[in-house]
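All remarks here apply to the structure that follows.
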Amino acid sequence: KKGGFEHYMLKEIYEQPEVFYNTMKALETDGRLPMLRIPAEITVVACGTSYHAALVFRYLAQEYTSKRVSVEFASEFKYYTPPLRDMVIAVTQSGETADTLTAIEKAKARNCSTLAVTNVLGSTVSRSADWTVFMCAGPEISVAATKSFTGQLAVFMGMVNVMADGKFTDVLGHAHRSIERVLPQEMGAAVSLLLGATEMFYVGRGVFYPVALEGALKMKEISYIHAEGYAAGELKHGPFALLSPETPVVAICTPGRTYGVMLSNVKEMKARGAPVIGIGVEGDTEVESIVDVFIPVPEDHQMVQALTVSVILQLLAYQTAKALERDIDKPRNLAKSVTVE
Ligand code: F6R
């Protein structure tokens, strides 16, 4: 059943190149995305991992399109509904998350057009929204979402590509190969560095901030290490007080506008004694020389790097939880689908 893998989570992590490729292809053949006439203002509602995918979308839309995207927790949106314009998108793997379903009803009551992004044909959300776009992740058994996150990113990146008049077609066309390349990444040294820790941080900037949030969520839910994701610049505004040799930090230091400032941030964290696992592009000796453990990803467009770094962080959480002998596919206290408020 697990296709030779020890856990469903690992099997699903390994399915991600295919999920990304299939979802992109399905969007192309479906052909409805361009017809959707994505309006100027979009609100996205979601919970958990799906919320993090929506935050990635917000950063990408802001950088590459003229659309304004706001992202709300479905559980807050229900009681504290912001002013709404144009379109509300509900992102939900299961299509059954109670808060997300209520949010879409609320949007309909406000006369917004509604779009569901989901993994389950015939799910409640797809019957409720005006439009549905399916991610082609296939059934996700592991409680911790992995391939559905990649499926959601494929849909959102496909939308960004449509909004940017197809500018990213080539970039997205080879993304599955880059995901494939990071799957065999060796994690031993990084896992060893985390094994004694009870708390840790993940930091990134821009699109890598929600990637850091998602990395931290994966780590807490399956390893039970208290992991917090932060926008790297925010660490100085309080959390620095927690840094010590006992609080490892995972820092995403990929090239781009904020590369230099990330490097300074890492040096400041090191100066406070924190062990740092740095993620950077292959051959980046500058990052490698200032961190304790370096994990490389292929050099690529930042959209693709958002995918490859996410996969690396899933693997890191998985390998750590495995070393700690946790119940990886069924973490304590959690259910796959949260159908109550
Ligand atoms: C985390 C995880 C949850 C879900 C959340 C929303 O690994 O799986 O955070 O992402 O419960 O679920 P869906 O996407 O089904 O609405």
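Read the numbers this way: they start at 1 and go in the same order the structure lists the ligands and their atoms.
Every atom of ligand 1 with a heavy atom of A144 under 4.0 Å away is listed here by number and element: 7 (O). Listed by atom number, the atoms of ligand 1 under 4.0 Å from A145 heavy atoms are 7 (O), 8 (O). Taking a cut-off of under 4.0 Å to the non-hydrogen atoms of E221, the atoms of ligand 1 that pass are 1 (C), 7 (O). Atoms of ligand 1 lying under 4.0 Å from any heavy atom of S50, numbered from 1 in the order shown and given with element: 10 (O), 13 (P), 14 (O).
Counted by atom type alone, Q93 and S50 present zero donor-acceptor pairs between their side chains at under 3.5 Å. A donor-acceptor contact closer than 3.5 angstrom links the side chains of T124 and E96. Judged by distance alone, the side chains of Q314 and T146 never bring a donor and an acceptor atom under 3.5 Å apart.
Here E96 has no heavy atoms under 4.0 Å from ligand 1, in either its backbone or its side chain. In K336, neither the side chain nor the backbone holds a heavy atom less than 4.0 Å from any atom of ligand 1.
In terms of protein heavy-atom proximity, atom 11 (O) of ligand 1 is nearest to V338 CG2, 4.2 Å. Among all non-hydrogen protein atoms, the one lying nearest atom 10 (O) of ligand 1 is T49 N, 3.1 Å. Nearest non-hydrogen protein atom to atom 15 (O) of ligand 1 is S94 OG, 2.6 Å. Ranking protein heavy atoms by distance to atom 12 (O) of ligand 1, first place goes to T97 OG1, 3.5 Å.
Although no hydrogens or angles enter the test, the distance criterion places a donor-acceptor pair under 3.5 Å between the side chain of K67 and the main chain of I38. For D300 (side chain) and Q305 (main-chain N/O), no donor-acceptor pair under 3.5 Å exists by modelled atom type.
With atom 6 (C) of ligand 1 as the reference point, the heavy atom nearest to it among C47, G48, S123 is part of C47.
Checked options Y8, F5, Y318; the residue passing with Y14 is F5 (criterion: ring pair (Phe, Tyr, Trp, His ring centres under 6.0 Å)).
Not a single heavy atom of T146 sits under 4.0 Å from any atom of ligand 1.
Other members of the hydrophobic cluster containing F77, listed by chain and number, are V45, L84, V88; membership follows side-chain contacts under 4.5 Å among ILVMFWY residues, whether direct or relayed.
Between Q93 and ligand 1, at least one N/O pair is under 3.5 Å apart. Distances between N or O atoms of K218 and those of ligand 1 include at least one value under 3.5 Å.
Ring centroid separation for the pair Y64 and H301 comes in under the 6.0 Å cut-off.
Annotation: ring pair (Phe, Tyr, Trp, His ring centres under 6.0 Å) contacts of Y259 (sequence neighbours excluded): none.
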